[in-house]
Amino acid sequence: MNQLKNNTIIGIFTIILLSSTVTTGMETIVDKSDLIDKTIEETNGSGMHPIIKYAEGYNEVNPDNLGEQTKSKLSNKNLEVKDYTVKKSETEQTYQKKIDPEKIDAENKAINAVEGSIHKVTIEAKKLQNGQYGYLMKKHIVLDDDSEQDLTYRYPNFPTIPGPTLEIQTDDLLILTSIDENGNIKTQNIQPKKTGSFEYFGENSSTLGLFGAIVVDSSNKIPSKVDGKVIEVDPKDLEKQYVLFMVGSTFWGQEINSKHIQKPLWTNPTLGADLNQLVRFHVLGAANQHTFHLHAHEWVDPGTANIIDTKLISTNQGTSFIIQAGDRAGVGNWSYHCHVFAHMEAGMMGTFKVGPVDSHTESVPGASPLDSGPTKQGNFITFSITDEPGKFFKNVGGELVKGATESLGVVEKGGTAHFIMDDTNTVHTITTLLWPSEAENMPMEKLVDNKKPETTKENKISNLPQSQTDMTPHMPFDQITAYSGGGIVKLETPGLYVFTCKVHPYMFGGVIADDPETENVLDLGDELELSTGEKIPSSHPLTLALLKIFFIANNPLNWLDYSQDNPEWKLTFPHIPIKTDLGNGYLDQALLKSIGGSSNKQLEEITHPGNPGIGEVWVDTQFEETHSKTKPGTVTMINTENWQVERKVALPQINMNNPHNIWSDSSQQIIYQTQWFDNRLTAFDRDTGNLLDDLKIGDAPAHVMTNPDNDLLYVSLSGEQGVAEVKFDKNENKFKMIRIIPTQDAGQNPTSPHGLWITPDGNKMITPNQFTDDTTIFDFTQHSGNGEIKSRVDAGNMPISTGMMPDGKRAYVSNLLSNTINVIDMELGRVVKTIDLAASGHAFPIQTSVSPNGQYVVTANTLTGTIAIIDTDTNEVVKSLPCDPGCHGVNFGAKKDGGYYAYVTSKFSNRLIVVDGDPNNDGNPKDAIISGTVLLTGTYDNSGNAQFENDDNMAYSNVKLKGMGGQGTYAIPNVYPGWVQLLDLSWAGQLTDEQRDPIGAFNTFGKVMDNTGANPIKVLGPNSFNSQDSLSELKAERPLSQETQNNDNQVPNTQKELKSAEASTNSIGKPSIKNVQPNNILSILPIPYP
Amino acid sequence: MMKYYLSISILLSTILSLLLGLGNFTSAITTAFSQEEFNGNTEYPYPVLHKIDLSVHAIEKPGGDLYAYQLDSHKIYDPETNLLLNDITDRYSNGPTIPGPTLMIEEGDSVELTLTNPEETGVPGMVGIHVHGIDYPLASDGTLKVVNGLRNEGVFPGQSITYHYSAGPATAGTWPYHDHTLGLNPTGMNMNGAETLGLFGNLVIDSHTGKTVALVDGKPTIVNIADISKDILCYVTDDAFWCDEIDYRNFAEHKALWENPTIGARDGDLIRFHLYGMGTDFHIFELTGYDWLDPGTTQIIKQKKFGPLENHVFTIKAKNGIAEYRDTITSHELSGLKGSFVVDSNGQSIQGQSPLEVFN
């Protein structure tokens, strides 16, 4: 892939007639509609909009075919606008070709009929300091029969969002010339045929600011609700007009006064008017679907006799209506907002301030990209939310300083963080992970001092309330559900704010809100609060660990590339002066100190495991970018006989987007693949990599697995509210959606299920729910086979992955943000133990898998880059192994001649780590080791030709982020209990008896729960031991790798392990889920600072 | 509870004009809106004052509580003499319901609504009521001080607040009421959207003409509101239809139908549907085998797209058989956003699953 996103900005317009008089209920459906539709759409970054769109009642005419009357009007005037270079663009030629000759006659007639004025308008797309775009009015000249008038004075002399509003009459001709930032021009001749508010917008990046309104009036008056009556209002009598564009989760506003002077109001402005003044709203949509609502005012829905106060606004559609300010409700701060709940939460609100008669209440502009700030980017940082690895939150203004990544912004306190999900195919949230603790609850203090509301019967307020409205959402900034849109928040308190997406919790965007009083340094704030409720000093090792992973995750140059000879890891952090609670310093120095002082580290060479495995390992190299896709991700297949990459599946024909998790059918022939940053589930042939089907299944499909009982697929939809049940028809090679099983009851907050597991008997399913901090246990056998939710079991912060014991009685659920694993009794539906991973040196656990024979659990920890091995006898961490930053996926496969390998992936490296949890095969994992590593890039010959099968021209120079982004992993054959029994002889024949019957093997080791389910008791087995034994053995254990020895900051040494193991021994039987103290984490991240 | 007035309504005039074929909507509206009635003061012969007591309650559930409004009292007074004219509390369902109780009033009426958040069973934070469509002063907006600049118009546990509304001219229609505090509690933690957790209901302001328009046998027809057999009011949330019913064959009894109920009617009944979006998702509603009038027009439609808090109200004539109401957006329908509309001689609706049912 050469260009992940072809981001050429073209300011040339596409004019769309937005009907404000739509009365049909059959509107075009966008967004979440028809998810089962199998139409596969190309979603290139460019060409998002057709060049010309026609709509009913609207003509665009070829300039050569203007009527004689019009031509003569034009020829008499010198209308050249000479202050720009004219380049005839390709676009214009394309446009001319598209004119349908049959239409021209009709258009000629129309143009000949032009009796009104001719507007010659030239506008230019300009890049703003923060990387957004705005349109600037260059010239607006009106030609009447015998006069020429220059109206340019009506407009601001700088670019604005929205762009200039073009006010014309139905019988006017608009000759609109647009200039893009490269000087290309395009001219369009537009003749409106009906009244209303219509949108013009740029062909690319329109959501970043290239949009504006065309307001078309006629001599007709407009039915409007005034004084409780519907009367006709002449648009000429309007006091003010407001233009509001709904984009993402932000209003972009503009005011036009009675003299037609335009004033930019920017974001979520306060619209001012005096009581009983007649004002008109033009509300238009430039991205996402919205419902516009204005408090205490109703209006006539254009084209109907219906009186409404809430109106659907779809992308590129709008409405226009006149109201009487106050509308029998009186003066006051009346809220206007989007009524989409997630958009409200994300800040999509403003105030319509109605003052008393003759008070000359003015509109007040909101935050603007033109506001000056501490850097050249101003005081308004806009993040584009993308599917692009390392740039999931992309500051559209670019990288501030070298190494700062494109995911960091700096504002002054009071500055704005603004988000728009404009380059992603799925839903997200904009959620603070970290914020200055002083910002907590703002502006809630104002609330609690007024606990007792008066029960006044006050019906009249003669004056405006004194107190200013403050619509700023408080910290934490969050939404209850994943959605399409954006977000906007003012950062009033100085300090560091880190935003994430709760669905995809390694998407990070950071903003430092600087206190201008502290000169020459950027304030991180003294104390920061985590979304878990913990408060930590800004110099705390955990802060630094989070910043470290922030700068690794957001900068692919900081990822570990094992494909080099003599591989090295060279870290770059931004050289930014910062202020913490302990004083001033440089960010890069502090971070380097925290990892041992050196930015260069020698990486281990790749060493294949000595013993082969059975079959294949498939790895989602989710960030690898190939030749012809605009979205990242391949699936990499490794032959475990020789540990060579033999195939990469990129699926360019469907632009496979961020493949996240894999499973197969029972025959092991069909691979099922989720696309987590998209809404699709894909099936391909294991032998050939050929695409079989691609199903729109629902937003953010995370994990997929089959039910061993019926081979149906279960796909957790982390952007929806349930698990999709899908059948794959092997005759037709087609998916068929059966239903979506909600993981919460109706009305309850969305759960966002992620790494699900199904019991080996196929009777139950457990989902870790990322949004609700609990799990759902679903029982398929209840409710006449339809199944029902059996229980909701509380978990820690952001449960994300599940492993299952072979008897289906116990599940292990990892809690990403609380650094714990809950052991859940599937029958009782409750937590029987909470394993504190932080106590043994692990933080941010992700995938957690139980070995097929039930002896141990392997957990990948993403913040610490470590692997924890838990003995299922004691439910304690008995072993810690090193991993890479972003350590993520774990699944088991069979080892040749008995035993298992756990395959462990890391997002920010390109190797697979192969763990043998029980090398001596005695059932005790305390001797777990890393057996070897496998390079995920595959190999290339000297001419750069790929030495593996692939489907996207994967020559060396065509592939970027080679082998990176390891997440889901899956071994063929599937040897988990429940599934292993389904293997045919070709696979089963390669397994040992014990591997073929892991449940039998599990029973041999005989793990039985006591009556309360609180502690598992070992009843028999060759290797009983008590915790003291294991501790003494631990002492003798040698660190495994070079890296471990060299860097005890990254990987806990045995001393620390010992201490924490003791600590955890003391806390047995006292499950404490939500009270992980910072001290625990401190103990694992012994980073001296400053 | 229906009363009839003799004056001609704006809606009626409009529809009449449309039916008489006076041309396009603009002229129809023009004709309608230039009725002399609307150039003078509208008079309502029998305006009344509704004193309504509502309370909010938490419905405890594993995985997250729901919240619901409950009607405690609805009395009708003469606004001049303050004499009690009627107590219609008995018409409502007992206990909390989702959606909240459907409040039926008429143009010209006024409302004094007192909301209580009980100490014990209430909602653990500030909640309120924000109503659409009806006239009210800023002090009855139901929003927080940070929004309205005046005061917090909600209640913490143990508190009550009274809102004052007046159904002035041109307020006829179905309007939502809902919590608008965004779910904030005293310690500042977000309660995650009380509005979406069940705190929503309907206010129906009937035209003082006593008339509405329906699609009967394929034709736009003016009907008496008194001839309507049932009002069916459903909120379409992100994961269910939540319905309430008012059965005029049964003394205007309100019946909570809960989630995705089976809606019953008798052949030939006039049934008025009131639909609302709520939450974050958009919906495309369909009632299989039926078409109806797009509100405010004579356009016949069989599907309607709407988003959160947009309303869609229409009246149809029920015909024998089983139809399905559903959200045609596939992922919604697959997750169960649908139910049956059964027209038979029985005509009884069957309640859907209720969150009050014991979690097993």
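Order of the sequence lines sets the chain letters (A, B, ...), proteins ahead of strands, with each chain counted from 1.
- Proximity of B/Phe306 to A/Thr291: side-chain heavy atoms (C-beta onward) are nowhere separated by under 4.5 Å.
- Proximity to chain B is absent for every atom of A/Leu717, based on heavy atoms less than 4.5 angstrom apart.
- Between B/His132 and A/His295, the ring planes are tilted. Angles from 30° to 60° get that label.
- Contact check for B/Thr297 versus A/Asn306: no side-chain heavy atoms found under the 4.5 Å cut-off.
- Put simply, the side chain of B/Asp281 does not reach to within 4.5 Å of the side chain of A/Tyr483, judged on heavy atoms.
- In this structure, chain A has a heavy atom under 4.5 Å from the side chain of B/His130, while its backbone stays farther away.
- From B/Asn311, atom CG reaches atom CD1 of A/Ile308 across 8.0 Å, with rounding to the nearest 0.5 Å.
- With contacts defined as side-chain heavy-atom distances shorter than 4.5 Å, the pair B/Asp238/A/Gln721 qualifies.
- Scanning both residues, A/Ala746 and B/Ala240, for their nearest heavy atoms gives CB-CB, 3.8 Å.
- Nearest heavy-atom pair across B/Gly63 and A/Asp774 is CA-OD2, 3.6 Å.
- Looking at heavy atoms from C-beta onward, B/Phe282 lies in side-chain contact with A/Leu312 at the 4.5 angstrom threshold.
- Note: A/Asp327 CG to B/Asp135 CG = 6.5 Å, rounded to the nearest 0.5 Å.
- Proximity to chain A is limited to the side chain of B/Thr143, based on heavy atoms less than 4.5 angstrom apart.
- Neither the backbone nor the side chain of A/Asn769 comes within contact range of chain B; no heavy atoms are under 4.5 Å apart.
- A/Gln289 contributes atom CD, which lies 12.0 Å from atom OG1 of B/Thr280 (distance to the nearest 0.5 angstrom).
- Between chain B and the options A/His293, A/Lys225, A/Arg739, heavy-atom pairs under 4.5 Å are most frequent for A/His293.
- When all heavy atoms of A/Gly228 and B/Ala170 are compared, the pair lying nearest together is O-CB, 3.6 Å.
- Of all heavy-atom pairs spanning A/Ala329 and B/Tyr136, the tightest one is CB-O, 3.2 Å.
- Your options are A/Pro742, A/Gly330, A/Ala296, and the one with the most heavy-atom pairs under 4.5 Å with chain B is A/Ala296.
- Neither the backbone nor the side chain of B/Trp258 has a heavy atom closer than 4.5 Å to any heavy atom of chain A.
- With contacts defined as side-chain heavy-atom distances shorter than 4.5 Å, the pair A/Thr304/B/Pro295 does not qualify.
- By the 4.5 Å heavy-atom criterion applied to side chains, B/Lys61 and A/Arg792 are not counted as neighbours.
- The minimum heavy-atom distance linking B/Gly168 with A/Arg328 is given by the pair CA-NH2, 3.7 Å.
- With chain A as partner, the option from B/Gly336, B/Gly64, B/Pro308 having the largest number of non-hydrogen pairs under 4.5 angstrom is B/Pro308.
- In this structure the side chain of A/Glu720 never reaches within 4.5 angstrom of the side chain of B/Ser335, judged on heavy atoms.
- Interface summary for chain B: among A/His337, A/Glu725, A/Gln744, A/His343, the most heavy-atom pairs under 4.5 angstrom belong to A/His337.
- Between A/Ser335 and B/Val147, the shortest heavy-atom contact is CB-CG1, 3.7 Å.
- Rounding to the nearest 0.5 Å gives a distance of 10.0 Å between CG of A/Asn749 and CG of B/Asp65.
- Just one of B/Leu66, B/Leu197, B/Asp239 meets the side-chain contact (heavy atoms from CB on, under 4.5 Å) condition when paired with A/Gln748; it is B/Leu66.
- The part of B/Glu259 that comes within reach of chain A is its side chain, from C-beta onward, which places non-hydrogen atoms under 4.5 angstrom from that chain.
- With rounding to the nearest 0.5 Å, the separation of CE in A/Met344 from OG1 in B/Thr196 is 10.0 Å.
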